[in-house]
Structures are given as C-alpha cells and as structure tokens.
Amino acid sequence: MRNVPILAIFLAGVIHLAVAPVHYTHAPAHGIFFALAGAAEIFWALAFWRRPSTRLYYVGLAVAGGLVILWAVTRVLIQPFEHEPGPLDAGGLVCKGCELVGVVMLAILALQGRLSGVEKRSPLRLVGQPLAMALVVGVGSLGMGYGLEPYLPTLASQEEPMSEMPGYDHAALSSGATVTLGQLQISGAWARPAQMGGTSAVYLTIVNTGEQADALVDVQSPVAESAEVHEMRMDGDVMRMQPVARVEVAAGGRVELKPGGYHIMLMGLTRALAVGERIPIVLQFEHSGQVAVEATVTSP
Amino acid sequence: MRLVLLALVIALTGCSQPYAFHGTRLEPPLTLPDFELINQDGQTVRLSDYRGQLILLFFGYTHCPDVCPTTLAQFKRVRAQLGKQAERVRFIFVTLDPERDTPAVLKEFLATFDPTFIGFTGTTADLEAVWKSYGIYREKRVEGSTYFVDHTARIYVIDARGNLRLTWLLDANLSTDDLVQDIQHLMEG
Ligand SMILES: [Cu+2]
C-alpha cells in the first residue's frame, strides 16, 4: 500500500522529465524547471522507498504539493518566461493527478500511522504543516520565476506574443468575428492539426469590399520556421504543390484558401498543433499592409 | 403464361440501366502481385491478409499538407455513411515517404482520423516495387529545410478476391456519395 503513493510521485517525475525537451523548445526556462522537478520527484521516490523518514515525508509533500499548486495557479496567471497561462492538456492533468494521489495517500497513511519510519503526530502537524510548506514551495517558485525573468531573457519563450503583432485586434479575434483591414475582410481561418517539426496548412477567406485590387504577398507565423502560400494543382493524375508569390484579390472580389486550391503552408512547426487551439498568422497585403489573424486548429 | 413471364423479365432487365461507376472501372479486373510491408504497429503484413474484404488503397505521406488529410477525412465520412457495411471494407494508407513515415509516425497520424485505418510502410526498395506495380508517380521536391512529394492522386479499390476493380481520381468533383454508391455496388455485385 505504501508503495502506491511513491510510485505515483515517481511517475509524475518521469512525465516531467519526458516533456522537458518539448518545453525547452518553447521556453528554455520551462524545460530546465521540468527537468529539475522531474529529477527531484524521482530522487525523492527512490529515497523514500529505500528508507522512509519523517523528514523525507515532509519534503515529498512539500515538493509534489507545491508543484500541484504552481500548476493550478499558472492555469490562471501568466506563466513566468511565457506570455500566457498554461494549457489544460492531458499530459499535465495526468501528471498532476499522480502527484495529488501521491500526496493525499501519503497524508492518509501517515495519519493512520501506517507509514513505517514516519512518526505518528497530530493531524495538524502531519497535514497542516506540509500544506503550508507546499504553499511556500508553489508560490515561492512562481515568485522566483517572475523575479528571475527580467535577468534571463534568453530563457524566455521566443514566440512573439499575439498582442504585439501589427494589426492585432483582440476584441474582433476573441469574438470569432471577421477581421477587417481597411477594405479587406478576413474570416474562417482554420489550420490542420500536426506534430511538432511537421507541416500544417491554414485556410481562410479574403473578401475585398473596396474598389482597388489588392494581393496577399507574404505570410508568417510564430509557430513555424517558415510559411508560404502554396497552390495545389492537378497535372493529369498527379497532384502537384507549388509556392505562389501573390494571391490577387480583385476589387469587390473574394478569394477562398481551401483544400485542393490555395493554402498557407506552415513548415517546420516549432510545436505541435492540437485541435481546438488557436494559432496566430500574419498576412501581408500589397496595399492594405499587415494584419494578424487567429486560425483555429480543426480536424476536417 | 410462360410467354408473359418471359416478356416481363425482358422488359424489366431491358429497362434497368447498367450501373455507371463514378470511378474508372477495370474490366476485366486486374490481378496485381501481392506484397509484404510493415503496418503502423510494426508488424509484417501482406495485402492478401485482408482477402475477403473490399480494400480502399491510398498512397500518400504524413507530411502531406492538403490532399492526403483531405482524402483520409473523406474516408472517415465514407465509413460513417456505410454504417454496418463498413465492417467489410478496409482503408489502407501506403506511405510514399518511408524516410519520415515510421510505423509510430503513421500510427499517430492515422489515429487523428480513425483508429481502424491501416498504415503501410517499409523499406524504400519494398515500397518502390509496390508503387511501381500500381503505376504511382512520385517526385520528391526539396523546399527550404524540408521536402514534399508530388504524387498520383488516385484511390484503388481491390475486391474480395484480391483483384483491382476500380480507381477514383481525386478531383474536387468526387463526392463522398459517389464513393459510397460505387462501394455498395461492388459489394452487391
Ligand atoms: Cu503546401
């Protein structure tokens, strides 16, 4: 029975270590933190398994509990070294589930006096004290992260925050409405789900309500090493794809980027694109200038 | 009486138009060599393992940005429309990019569409033989730090006896209904 919480925390440590490299690519500070946290949990689990003690009991609850608190707080507050709160992803939930199971079971076993090596003490000392310690660890590491961030800019996320992009219109984007750029209206942007390092395609519709023709001449996205407009073309039996330098949008006209036609190709994805996420795309037009839109990752 | 019946039969058969396939029919059906590749679970499989079922064979690659995901999404809709009949149909995706499409990559890619889809990969030499026998054109095009593969966009239908019966060219006019009608006709015939 005693081994279940130890195994749960060991597993949480393994998950932390496994995802550290991915986190390192989006923000090096997170990668380093995940590696340290994972190593600490694995080290603790092995130590407590071999020789449980009262002191180690407190350390385990403080570390695992602190990580759960840190995780919960950063789902709401902006994470240190990042521009936004963290996602509620499956990996994170499983990892936190393990830690929570570990912490709660350890506390219960200690209260029942069934943890050999751990002294039986009052509930206040066995539960209240580690809870306070976990709070200190969780909030303290968050504060330390915020404090260190200005001094270690190279460890921060290199993804440009959406809100600093030219033409960013938060109200329009969050309402899911059409983004307007002068006489152009851009709507219905969606992207295909893809793995990190892979490729994705973005589709959208451009309507020109004005009397002057315009053209899409460049595209960019912070989630891809490079982005280009491509066209699919049937050549006999063969489907060919080629880059196009510009997509003309006639006065009063409408151009749809859609499967089998034009798409914005995202190459060398710096992270995986999961269904439901929204990713920023910057469009550069010949006359109207630049605008940022958000594409929703959708499985067609 | 017999004459009346005979006249009725002739009238009925004469009236019913022969079914017009949306795809290109192979008459007589073509017998292509069987092949052995690796599926997305890393197991060695032969195409003939699926004998007795209708096979929809599609050649593509997981880094394919447009046609391949579009086709697999359409396969998913075909499967849904077929309902219970779908149990007698197998959807097989054969890679054109063995360099990047390992069994694990194929598995993750296909799972985003339908876990019942089957993925085939293997050594380049083994795959080349398969591409050749199906007349697949494949051209690797390097762009920046990555590459794409221009390729034949056809779906191949292999019947329960293992013969190639029908192919569909993937153009914008090919609808899910077209595929479902052709499949149902092949299963009845
Ligand atoms: Cu493309």
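Letters A, B, ... are given to chains in the order of the sequence lines, protein chains preceding strands, and every chain is numbered from 1.
- The contact between B:L170 and chain A is made entirely by backbone atoms, counting heavy-atom distances below 4.5 Å.
- For the set B:E139, B:R100, B:E108, B:R138, the entry with the most heavy-atom pairs within less than 4.5 Å of chain A is B:E108.
- Here the shortest heavy-atom pairing between A:G197 and B:H63 reads O-NE2, 4.2 Å.
- Considering every non-hydrogen atom in both A:R240 and B:Y137, the closest pair reads NH2-OH, 3.3 Å.
- We find the CG-OG1 distance between A:D237 and B:T167 to be 7.5 Å, quoted to the nearest 0.5 Å.
- Counting only heavy atoms from C-beta outward, the side chains of A:K258 and B:T70 never approach each other to under 4.5 Å.
- Contact count versus chain B (heavy atoms, under 4.5 Å) is highest, among A:H263, A:E225, A:Q242, A:Q195, for A:Q195.
- If you take NE2 on A:H230 and CZ on B:F148, they are separated by 5.5 Å, rounding to the nearest 0.5 Å.
- Interface remark: A:M239 contributes backbone and side-chain atoms alike to the contact with chain B (heavy atom separation under 4.5 Å).
- Both the backbone and the side chain of B:T152 have a heavy atom closer than 4.5 Å to some heavy atom of chain A.
- Of the listed residues (A:A194, A:G261, A:G268, A:P259), the greatest number of heavy-atom pairs within a distance under 4.5 Å of chain B belongs to A:P259.
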Item to complete: Would you sort out whether B:D66 and A:M241 count as a side-chain contact (heavy atoms from CB on, under 4.5 Å), showing the intermediate values?
Response: CA-CA 9 Å; B:D66 194 88; A:M241 180 167 75; 5.7 Å; no

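- Contact record, B:P65 with A:A201: O-CB, 3.7 Å, taken as the closest heavy-atom pair.
- Proximity of B:E143 to A:E228: side-chain heavy atoms (C-beta onward) are separated by under 4.5 Å at one or more points.
- Of the inter-residue distances, the one linking B:C68 atom SG with A:R192 atom CZ reads 9.5 Å to the nearest 0.5 angstrom.
- With a threshold of 4.5 angstrom between heavy atoms, A:S226 does not approach chain B through any atom at all.
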